[in-house]
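Okay, structure first, notes after.
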Amino acid sequence: MDLIAELQWRGLIHQCTDTEGLQKQLDSGPQTVYIGFDPTATSLHVGSLMQLMMLRRFQQAGHRPIALVGGATGMIGDPTGKSEERNLLSADQLAANVAGIEAQMRQFLRFEGDNAALLLNNFDWMKGYSYLEFLRDVGKNFPVGTMMGKESVRARLGSEAGLSYTEFSYMLLQAYDFVYLCREHDCLIQAGGSDQWGNVTAGIDLGRRMLGKQLFGITAPLLTTSDGRKMGKTEKGAVWLDRSRTSPYAFYQYWINVGDEDVLRCIAYLTEIEKEEYDQLAEATAQDPGRRAAQKRLAEWMTGFCHGEDGLQAALAASKILFGGAIEDMDDAGLNEIFADVPSNDLQRDSLTGEGLWIVEALQQAGLVKSGGEARRAIKDGGVYLNNQRVTEMDLRLSASDLASESVMVLRKGKRNYALLRFAD
RNA sequence: GGGGGUUUGCCCGAGUGGUUAAAGGGGGCGGACUGUAAAUCCGCUGGCUACGCCUACAUUGGUUCGAAUCCAAUAGCCCCCA
């Protein structure tokens, strides 16, 4: 299947400046395509993963992807879709973010061999560009009237937050990136999320004016839920690719919990699951949504892809136990791994000797309840579990024999509120 | 500047001199059910050394055997007149 057809069935083409022209261009031989990434944090998140996958698909189809990290544009801040100006990042912060993102990209794109991916930072060519020169070379090609017509600008001009000159200039920088990449790397295609349409077309216009070249733009839909909210967000914030920010378990859980209405779109947009299997999963979801075959496959694919086989296995093991599976034959290392995200508290081991530790006290120490009264109520309601076994006695005393492993006890209140107590000597 | 009103537990909101830790609703937390969903149903929802004790109805003081409930002052909010 050729690339455009592939993107089409996946629903990844939201807009394209010239589908036929692009098809012809792609047919004529390997092309170079670029997507820009905002270095707002040291890790990418699920939202940017979609763009990364887009580059990957191009690479697999034999084209050369350029992942452009916005070290320069990140200093300015893209006003697109933002209700107010964000704080400018410091140079140090930016450098750290760029480094973190670069490391992640290497996981998804191939940087050696034929059509090796390229990782560029626009700070490298912008840092030496003087303001005066930039205005003469680039600014001259931007009719303010056109700029004012862009949705991103209009939206902000009409709002109370307004728009600073700095932000207004953002699109010049991104447009120039495209021109630069075209000139230096023969890159004729820019892809991106649908919110980038204005910036992409600005680059195409500039390419025509400055280089007399016909450039192409293609945007993908945004990854949103059926009710229009951005995906990749939880109550706790973004779902990150960095495992120290979002554990493989949490990552897996995010996907397993995707709604029936959204799961197929996620599979199409984010995975490399083939059309045939996709159709089967669509069928399975329609027939028996309760089985959640699609969610399981999505979670499995995504976790394995982003965190490797060991990450996936860890997530599966953790899921099993965290959803009530028996805790037996466990050692400290295993428990600490599975409950890595869970709050814990360290207590003296001798609190387990003699009378032992009262369960009400233990719950408080673990931070699962705010008071003894709450602990008593929880026990009375049958909502307290020790090592996944329901606690029925109000005056249960914990001793060393209640340890789940060498030195850890697993307390739980309700279905999913876990806490660990560690007993060190 | 003068007059009137209002102030309750996480939120909204009843309440009236004594069975009031304070109706009801929301939210939250448990439990059952379920698809680790939604909906539904049930229980709980100030603290403690816990069949008892303590702290709570803006704050402070007062009346009373006894006050969230009456009085006074203070503060916040709201309205009317100048």
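Throughout, protein chains are lettered first and strands after them, A, B, ... in sequence-line order, and every chain is numbered starting at 1.
If you take atom P in G13(B) and the same atom in C33(B), they sit 38 Å apart, rounded to whole Å. Rounded to the nearest Å, the gap between the C1' atom of C71(B) and that of C81(B) is 28 Å. Nucleotides A38(B) and C77(B), compared at atom P, are 41 Å apart to the nearest Å. Nucleotides A22(B) and U6(B) place their P atoms 26 Å apart, quoted to the nearest Å. Distance check on atom C1': U20(B) versus U8(B) gives 12 Å, rounded to whole Å. Going from the C1' atom of G27(B) to that of G15(B) covers 22 Å, rounded to whole Å. When the P atom is compared between G9(B) and C80(B), the two are found 27 Å apart, to the nearest whole Å. Atom name C1', nucleotides C29(B) and C10(B): the rounded distance is 13 Å, in whole Å.
Classified by interplanar angle (parallel below 30°, tilted 30° to 60°, perpendicular above 60°), the ring pair H307(A)/F251(A) is perpendicular.
Checked by atom type and distance alone, the side chain of R265(A) pairs as donor or acceptor with a backbone atom of T224(A) at under 3.5 Å. Under a 3.5 Å cut-off, the side chain of Q174(A) and the backbone N or O of G203(A) do not form any donor-acceptor pair. A donor-acceptor pair is defined here as one N or O able to donate and one able to accept, closer than 3.5 Å; no such pair exists between the side chain of D288(A) and the backbone of A284(A).
Nearest to the side-chain atoms of N417(A) among the listed nucleotides G35(B), C29(B), U36(B) stands C29(B). With distances taken from any side-chain atom of D381(A) to the nucleotides U36(B), G35(B), C44(B), the minimum falls on C44(B). Among the nucleotides G30(B), U36(B), G35(B), the one closest to any side-chain atom of D260(A) is G35(B). Taking every side-chain heavy atom of R377(A) into account, G47(B) is the closest of C33(B), G47(B), G35(B). Between G35(B), C29(B), C33(B), one nucleotide has an atom nearer to the side chain of P289(A) than all others, and that is G35(B).
Proximity of N257(A) to the phosphate of G35(B): no side-chain N or O atom is located under 4.0 Å from OP1 or OP2. Distances shown here put a side-chain N or O of S371(A) below 4.0 Å from the OP1 or OP2 atom of C48(B). Note on R390(A): a side-chain N or O is less than 4.0 Å away from OP1 or OP2 of A32(B). Residue Y249(A) has no polar side-chain atom (N or O) positioned under 4.0 Å from OP1 or OP2 of U36(B).
Rounded to an integer number of Å, the gap from CZ of R292(A) to P of A37(B) is 8 Å. Nucleotide A50(B) holds its P atom 13 Å from the CD atom of Q364(A), rounded to whole Å. As rounded to whole Å, 19 Å separates atom P of A37(B) from atom CH2 of W255(A). For the pair R412(A) CZ and G31(B) P, the computed distance is 7 Å after rounding to whole Å. Atom P of nucleotide C44(B) and atom CG of L363(A) are separated by 20 Å, given to the nearest angstrom. Following rounding to the nearest Å, L368(A) (CG) and C29(B) (P) show an atom-to-atom distance of 13 Å. Between D395(A) atom CG and A50(B) atom P the separation is 12 Å, expressed in whole Å. K296(A) places its NZ atom 13 Å from the P atom of A37(B), with the value rounded to the nearest Å.
Across the interface with RNA chain B, nearest-nucleotide mapping of G290(A) and W358(A) shows G290(A) to be the residue nearer the 5′ end. Position along RNA chain B of the nearest nucleotide to Y252(A) versus G373(A) favours Y252(A) as the more 5'-ward residue.
Using a 4.0 Å heavy-atom distance criterion, R376(A) is classed as a base contact. Using a 4.0 Å heavy-atom cutoff across all strands shown, G383(A) reaches sugar-phosphate atoms only and no base atom. Y254(A) comes within 4.0 angstrom of nothing in the nucleic acid, heavy atoms only. When heavy atoms are screened at a 4.0 angstrom cut-off, K413(A) is found touching the sugar-phosphate backbone but no base atom.
For D288(A) and G35(B), a side-chain-to-base donor-acceptor distance below 3.5 Å is absent, hydrogens and geometry of angles not being considered. A donor N or O paired with an acceptor N or O is not found under 3.5 Å between the base of U45(B) and the side-chain atoms of E374(A).
Using Watson-Crick or G-U wobble geometry with both donor-acceptor distances under 3.5 Å, A38(B) finds no partner in any strand shown. With a cut-off of 3.5 Å on both pairing distances, the Watson-Crick or G-U wobble partner of C44(B) is G28(B). Of the nucleotides present, A72(B) is the one that pairs with U60(B) by Watson-Crick or G-U wobble criteria, both distances under 3.5 Å.
By the rule that a glycosidic angle within 90° of 0 means syn, C51(B) counts as syn.
At most 12 heavy atoms of other shown residues, nucleotides or ligands fall within 6.0 angstrom of atom CZ in F123(A).
For R57(A) and E272(A), the salt-bridge test fails: no basic side-chain N is under 4.0 Å from an acidic carboxylate O. Of the charged side-chain nitrogens involved, none lies within less than 4.0 Å of a carboxylate oxygen, so that E374(A) and R377(A) do not count as a salt-bridged pair. Salt bridge E300(A)/K296(A): absent, no basic N to carboxylate O contact under 4.0 Å.
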